[in-house]
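Notes to accompany the following structure.
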Amino acid sequence: MTTLDSTPAFAAPAPSWRRTLAAYVALTKPRIIELLLVTTVPTMFLAQRGVPSWWLVLVTLVGGTLSAGSANAYNMVYDRDIDAHMGRTSNRPLVTGAVTPRAAVVFATALAVTSTAWFALLVNPLSAALSLGAIVLYAVGYTMILKRRTAQNIVWGGAAGCMPVLIGWSAVTGSVGWPAVVLFLIIFFWTPPHYWPLSMRFKEDYATAGVPMLPVVESNVVVGRQIVAYSWVMVLVSLTLIPVAPMGWLYAVAAVAVGGLFLAEAHRLLRAARTGASMAVMKPMRLFHFSITYVTVLFLAVALDPLLYLAIG
């Protein structure tokens with residue numbers, strides 16, 4: 001019997017099933033999944049121009065959860081080395097040893113296969129293809145290719161996070177229409193000003209782990225300018241949905257109001273960066289947290305506008 005085969009005389013007790021379950025749930029990054037689903041359901045309401053079938057909403061959300069969970073689990077497997085060097089990720093299951101890399105790969109693959117089959121059988125083939133594409137974009141495009149090689153990683157890698165709106169639209173219509181493309185672009189341009197403030201707050205962690213996030217390789221002023229630029233494009237794109245969808249007064253007012261607040265917060269961060277202010281004064285996490293409020297309010301308006309439609313003009 002080899003050392004690997006032998007059992008220590010005083011082996012640690014096996015983890016409870018609750019801890020094991022919690023570890024596997026953590027692999028899926030449930031908080032990120034919640035944000036993805038926030039964009040999926042309103043898109044389905046807009047595609048239906050009303051209330052879609054609740055069964056279709058349910059199966060789409062289940063499939064989207066499985067798909068996103070797969071992508072996130074693959075991400076944790078590949079990034080377990082850098083997660084160990086970052087304070088906010090050092091308790092992840094693969095770092096602590098709660099789940100082995102092999103078990104995590106099997107888990108992620110099972111979720112990918114299940115989610116693809118789920119969409120193909122219960123929704124439609126296009127949604128299945130988009131779901132699989134989202135997994136590949138995040139697990140391979142962002143995690144394996146972009147994240148460790150370029151400061152623009154979150155810009156192009158963030159496209160994976162835009163896929164739920166295409167999936168939601170295709171689930172209802174069986175196609176991808178122009179309103180879905182606009183919603184995709186809103187999330188695409190939202191992702192950098194959402195994530196870069198977080199990267200500013202934890203840039204020492206990213207630097208230690210060797211991940212070239214923009215705040216690691218550029219000054220706070222440069223990052224602030226980029227955040228403002230992307231924020232402006234995001235807001236302008238959100239307004240193009242009004243003629244494209246078309247949207248009514250409810251969405252228009254919400255988009256202008258919450259977009260204006262987003263721009264004000266982005267410019268505040270840039271002004272603070274230009275004065276050489278400390279991180280405590282710049283408070284980049286204010287923008288990070290508000291960005292979540294922004295996308296939640298905007299997509300709530302996307303869902304409600306078709307139900308309470310008041311035409312503009």
Side-chain angles (χ1 to χ4, degrees), residues 21 24-78 99 102-145 156-188 191 245 299 302-303 306:
L21 177 62
Y24 278 95
V25 170
L27 282 178
T28 67
K29 301 183 185 179
R31 293 191 67 181
I32 293 179
I33 292 177
E34 289 175 10
L35 190 59
L36 297 177
L37 299 184
V38 161
T39 64
T40 304
V41 176
T43 300
M44 297 179 73
F45 273 66
L46 181 59
Q48 185 68 41
R49 300 300 300 188
V51 180
S53 160
W54 288 111
W55 168 251
L56 181 60
V57 172
L58 176 62
V59 294
T60 301
L61 290 182
V62 171
T65 298
L66 296 173
S67 176
S70 170
N72 290 330
Y74 279 127
N75 171 266
M76 281 204 192
V77 172
Y78 193 79
V99 180
R102 178 179 296 179
V105 169
V106 171
F107 177 65
T109 303
L111 290 181
V113 172
T114 302
S115 63
T116 304
W118 180 276
F119 272 116
L121 294 173
L122 298 179
V123 185
N124 57 54
L126 177 58
S127 296
L130 291 170
S131 170
L132 182 59
I135 295 173
V136 174
L137 276 174
Y138 189 72
V140 179
Y142 171 66
T143 302
M144 298 179 67
I145 299 176
W156 302 107
C162 309
M163 297 298 283
V165 299
L166 301 186
I167 294 171
W169 188 277
S170 68
V172 173
T173 68
S175 63
V176 175
W178 283 111
V181 173
V182 173
L183 293 172
F184 178 99
L185 292 174
I186 292 172
I187 301 298
F188 180 82
T191 301
F299 275 80
V302 168

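Just so you know, these numbers use all the heavy atoms, side chains as well, and skip hydrogens, waters and symmetry mates.
Note that the CH2 atom of Trp169 and the CG atom of Leu46 stand 4.5 Å from one another [nearest 0.5 Å]. A distance of 11.0 Å separates CD1 of Ile167 from SG of Cys162, quoted to the nearest 0.5 Å. Separation of atoms CH2 (Trp55) and OG1 (Thr60) is listed at 10.0 Å; rounding is to 0.5 Å. Atom NZ of Lys29 and atom CG of Asn75 lie 3.5 Å apart (nearest 0.5 Å). Atoms CE and OG1, on Met76 and Thr143 in that order, are 11.0 Å from each other to the nearest 0.5 Å. Here the straight-line distance linking atom CG of Leu121 with atom OG1 of Thr116 works out to 10.5 Å at 0.5 Å rounding.
Proximity of a side-chain donor or acceptor of Ser67 to a complementary backbone N or O of Ser131 within less than 3.5 Å is detected. Remark: side-chain polar atoms of Thr173 are paired, donor with acceptor, to backbone N or O of Ser175 under 3.5 angstrom. When atom types are taken as modelled, the side chain of Ser70 and the backbone of Leu66 share no donor-acceptor pair closer than 3.5 angstrom.
For the pair Gly50 and Pro306, the tightest heavy-atom approach, listed with the atom from each and the gap, is N-CB, 4.1 Å. The shortest non-hydrogen separation linking Ala104 to Val99 is N-CG1, 3.9 Å. Minimum interatomic distance between Met163 and Phe184 (heavy atoms only, all atoms of both residues): SD-CE1, 4.0 Å. Taking every heavy atom of both residues into account, Ala171 and Leu56 meet most closely at O-CD2, 3.4 Å. Across every non-hydrogen atom of Val302 and Pro42, the tightest pair is CG1-O, 3.6 Å. When every heavy atom of Gly174 is checked against every heavy atom of Asn124, the shortest pair comes out as CA-ND2, 4.0 Å.
In this pair, Trp54 and Phe45 present their aromatic rings perpendicular. The plane angle is above 60°, beyond the 30 to 60° band.
Counting heavy atoms from C-beta outward, Val140 and Tyr74 have side chains that stay 4.5 Å or more apart. Side-chain atoms of Ser115 and Ile135, non-hydrogen and from C-beta on, do get closer than 4.5 Å to each other. Val57 places none of its side-chain heavy atoms less than 4.5 Å from the side chain of Val51. Side chains of Leu37 and Thr65 form a contact here, defined as non-hydrogen atoms less than 4.5 Å apart. In this structure the side chain of Ile186 never reaches within 4.5 angstrom of the side chain of Thr39, judged on heavy atoms. Contact annotation: the side chain of Leu132 never approaches that of Phe119 to less than 4.5 Å [non-hydrogen atoms, C-beta and beyond]. Here the side chains of Met44 and Thr40 are in contact, with some heavy-atom distance below 4.5 Å. The closest side-chain heavy-atom distance from Phe299 to Thr43 is below 4.5 Å.
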Step by step, would you call Leu130 with Val176 a side-chain contact (heavy atoms from CB on, under 4.5 Å)? CA-CA 10 Å; Leu130 291 170; Val176 175; 4.3 Å; yes

